[in-house]
Amino acid sequence: MTGTDVQKEAEDSGPSGYAAARLRLLTEETRSGPPRRAALADLTDEWLTGLFAAGAEGLRGASLVAVGGYGRGELSPRSDLDLLLLHDGGDTKAVAALADRLWYPVWDLGLDLDHSVRTPAEARKTAGEDLKVQLGLLDARHIAGDLGLTASLRTAVLADWRNQAPKRLPELQELCAERAERQGELQYLLEPDLKEARGGLRDATALRAVAASWLADAPREGLADARRRLLDVRDALHLATGRATDRLALQEQDQVAAELGLLDADTLLRQVYEAARLVSYASDVTWREVGRVLRSRAVRPRLRAMLGGGKPAGERSPLAEGVVEQDGEVVLARAARPERDPVLPLRAAAAAAQAGLPLSLHAVRRLAATVRPLPTPWPAEAREQLVTLLGSGRPTIEVWEALEAEGLITRLLPDWERVRCRPQRNAVHLWTVDRHLIETAVRASEFTRRVSRPDLLLVAALLHDIGKGWPGDHSVAGEIIAKDVAARIGFDRHDVTVVATLVRHHLLLIDTATRRDLEDPATVRSVAEAVGSQGTLELLHALTEADALATGPAAWSSWRGSLVADLVKRVSAVLAGDAPDEPEEAAPTAEQERLALESAATGSPVLSLRAQTEPPAGQEPSGDPEPLGVELLIAVPDQPGVLPAVAGVLAMHRLTVRTAELRSLYLPDGVDGSVLLLDWRVAAEYGSLPQAARLRSDLVRALDGSLDIAGRLAERDAAYPRRRGVVAPAARVSVHPAASRLATVIEVRSQDAPGLLFRIGRALEDASVRMRSAHVSTLGANAVDAFYVTGPEGAPLPGDEAASVARKLEETLRG
């Protein structure tokens, strides 16, 4: 029977004919999805039109209007009918009789009905008082009666909505937020409410309302398909249960999947999650745009600037090379060329996360459309930017979601596709696999002060469950994947092995601590053999806690934490023989010796800048990971204040220190004095590097005291404060008395920031200690620095004095 035949049957046969035609339509296997919903709406229209015609004979100035989901023509099998009987206020008795002729047949068939009888003025007044009524009227559609009456109401309601948008849209946003708080996020729930949860059908409808306001618009690409997919699942849920429900319960998921022709319940959930994620992302972007528009309308830009309310609209603040902040978002600089700069997506993402700002939709889409693939292995900067992004804490999540929404994550990390939106059918887990991995990185960022290699911790956190997309033991599969990914993003062989070991054994500590006898030496020895070194144990301990905290509240407790800590202590004792030997002093290169001799002869600093090259694409780096930027060699006659002077000059010129070595260099026989040699790798925050002559001139002035570095840096920060979007873990300063026989080793672990090394150097100078050598490294946004210091006589510091220096330095960095 054709659709026309079904409608004719309903029209000819009255309520019973409509019920039979409706049942026939819902059981047709040839029609589903949008065609079936549209046909059901058309069928219902025909039936109601017949009821209206029979009951409204002789009545003028009345019409029947579908609103809400029915108005959109989105009737699911068990949807209620949202109807408005509109009238001009003339013959109210006839209108009341007509209402009875309409509503009772609907109730008699057991259909849910949401109904009202109003004049246009009453409808507008109610809409002005009740946002939900107004949202329903935005989808008003004429069914029967006076078409002009319906059309005039639609025109008036849309005009009201657009005029009142500055007031009503914040109310709508608050309504969406309250609903999300109650119902949770659809893309992570094992038993989601398809309509009410965040990212569900209610949010999709809210986006239509925002678009109707003409104030802002949602990203349209894929949104209609996501909405259709959620409606299809709801249709199948209604048919499978025979109830008007929107909650996709566990016991019904297999049946719903079969109804949709899907492989299994996991495939069903993954499709639901993908649709919900798209709606959620579109909502985030849209509400951000609404806020921007409303702020710009609230106060004129010039007046806002005069009143000291911030930067004028449109002003751009540089954040990184090719990346700027504008109107509260991170956008690409006008000079940025994504097609020539494959690191730009990661650089922009890291800058956004560090600043606590969202990535502009237009920026992400431009990057997705134009950026070329990264070479293999990745350049060092790409790896560093990934680490910085992962270590940025909670802001990482929003930025990661923006990259993922445009497909950039799977282009950077193809293995991510297997875990994307993958459900975890375990009551302990709060998240899908991919979100759990990001949550673990966020948690791990809180522990970066506990480990000497925060970069390896963060990457292992990102990859520890990557094997869940493959059959078999996910730890075993994950080890293979992690080894490949770590090599591809540019870690050396040693670091690749460490990351792979962390992934393979990320459950080892918690499983052993809670299920084995820790008093048995064999248990502890087996863990020590699996871990292999103190450094890996330190990382595994932090990863274990981050993984558990990111799983959910049931996965970690003070009891579990104490058991793991006890196991780590016992394993550490077994591995105690792995402590490193005293580092040997490297012989100076010919270039270093030339600079040192020139500095000794002139009594002033000399320096050279040399571009740092990286191995060709496809060639594995050897030795330590290649540093970034350019090599800066400085030779300075040994004197107090060298470290803060050099670090301060570099900070003034907006140069980021990636690695740094400072040591005393003994000159050849016959040459008086001693020279400090600084071998650093630096990179410009943005823009080009300064000339070497300018750096030397400022360094000379800094050393003779004629350049007030602290004052210059303070003035710059006051005039153009650096945005701090990330609440980083507090700096941690520790003393390692056994690390050297010749000096006291003071280690600093802190968030990298402009002028950090200057502040450290000045604090050590104020403590009247001599610096024998320094070893500085920047791993993503984390600085891990070691300073070998002595007293004025050249001997290691006494224990209490070393502790005092460390304590004061920590107070300085936290102040």
Side-chain angles (χ1 to χ4, degrees), residues 447-457 494-495 498 528 531-542 565 568-586 624 643-644 647 657 659-664 678-679 729-752 756-757 759-779 782-814:
F447 304 145
T448 50
R449 304 297 172 261
R450 284 172 35 178
V451 299
S452 60
R453 288 297 302 274
D455 55 337
L456 299 184
L457 170 63
H494 174 268
D495 291 348
V498 172
V531 173
S533 71
Q534 291 279 15
T536 304
L537 177 65
E538 174 187 76
L539 290 166
L540 190 59
H541 188 190
V568 168
K569 182 178 179 181
R570 294 168 185 265
V571 174
S572 180
V574 173
L575 296 171
D578 291 348
D581 297 329
E582 183 76 26
E584 296 182 4
E585 194 75 25
D624 293 331
L643 178 62
V657 178
T659 64
E661 298 286 335
L662 180 151
R663 60 191 174 100
S664 296
L678 298 91
D679 186 354
R732 179 178 175 182
V733 181
S734 55
V735 179
H736 297 265
S740 173
R741 293 178 290 102
L742 304 177
T744 298
V745 178
I746 296 178
E747 185 181 73
V748 178
R749 301 179 184 181
S750 176
Q751 181 82 357
D752 190 32
L756 172 66
L757 201 51
R759 295 173 64 198
I760 293 173
R762 194 167 64 168
L764 292 176
E765 290 289 335
D766 291 343
S768 300
V769 298
R770 292 181 58 190
M771 193 171 305
R772 187 171 181 270
S773 66
H775 309 272
V776 174
S777 60
T778 304
L779 304 169
N782 296 286
V784 182
D785 307 336
F787 302 92
Y788 288 65
V789 300
T790 68
E793 304 303 321
L797 302 178
D800 55 348
E801 185 177 341
S804 175
V805 171
R807 186 169 56 253
K808 290 178 181 177
L809 178 54
E810 192 169 270
E811 290 171 357
T812 298
L813 296 178
R814 293 185 178 188

Could you list the donor-acceptor pairs under 3.5 angstrom formed between side-chain atoms of residues 792-814 and any protein atom two or more places apart in sequence or on another chain?
unit_1	atom_1	unit_2	atom_2	d
Glu810	OE1	Val733	N	2.8
Thr812	OG1	Lys808	O	3.0
Arg814	NE	Ala731	O	2.9
Arg814	NH2	Ala731	O	2.8

### Ion pair Arg663/Glu661, N-O distance below 4.0 Å
no

#### Entry: side-chain contact (heavy atoms from CB on, under 4.5 Å) evaluation trace for Asn782 with Arg449
CA-CA 8 Å; Asn782 296 286; Arg449 304 297 172 261; 2.7 Å; yes

### Summary
Closest heavy-atom pair, Ala528 versus Val574, reported as atoms and distance to 0.1 Å, is CB-CG1, 3.8 Å

### Stepwise side chain to side chain donor-acceptor pair (under 3.5 Å) test for Ser734 and His736
CA-CA 7 Å; Ser734 55; His736 297 265; 3.2 Å; yes

### Set of salt bridge (Lys or Arg N to Asp or Glu O under 4.0 Å) partners for Arg570, sequence neighbours left out
Glu519, Asp566

### Message
How close do Ser740 and Leu742 get, counting heavy atoms only, and between which atoms?
### Response
OG-N, 3.2 Å

### Query
What do you reckon, is CZ of Arg762 surrounded by more than 12 foreign heavy atoms closer than 6.0 Å?
no

### Task
Report yes if some heavy atom in the side chain of Phe787 is under 4.5 Å from a heavy atom in the side chain of Ile760; otherwise report no.
yes

### Query
What are the two closest heavy atoms between Val531 and Leu537, and how far apart are they?
CG1-N, 3.3 Å

### Task
Applying salt bridge (Lys or Arg N to Asp or Glu O under 4.0 Å), name anything that partners Asp785, two or more places apart in sequence or on another chain.
none

### Query
Does Ser452 reach the side chain of Arg749, with side-chain heavy atoms less than 4.5 Å apart?
yes

### Task
Find out whether Asp495 and Arg453 are in side-chain contact, i.e. whether some heavy atom of one side chain is under 4.5 Å from a heavy atom of the other.
yes

### Query
So how far is it from Thr448 OG1 to Leu779 CG, rounded to the nearest 0.5 Å?
10.0 Å

### Message
Restricting to non-hydrogen atoms, name the atom on Leu457 and the atom on Phe447 that form the minimum distance, rounded to 0.1 Å.
### Response
CD2-O, 4.2 Å

### Task
Dump the intermediate steps for side-chain contact (heavy atoms from CB on, under 4.5 Å) on Arg450 and Arg732, then the final yes or no.
CA-CA 8 Å; Arg450 284 172 35 178; Arg732 179 178 175 182; 3.5 Å; yes

### Task
Measure the CG-CG distance between Asp752 and Leu757 for me, rounded to the nearest 0.5 Å.
9.0 Å

### Beyond-backbone contact of His541 with Val451, side-chain heavy atoms, under 4.5 angstrom
no

#### Entry: Considering all heavy atoms, the nearest Val784-Glu747 contact
CG1-OE2, 4.4 Å

### Query
Out of curiosity, Thr659 OG1 to Asp679 CG, how far, rounded to the nearest 0.5 Å?
7.0 Å

### Summary
So OG1 of Thr536 and CD of Gln534: to nearest 0.5 Å the spacing works out to 9.5 Å

### Query
Which pair of non-hydrogen atoms, one from Leu643 and one from Gly761, has the smallest distance, and what is that distance?
CD2-CA, 3.7 Å

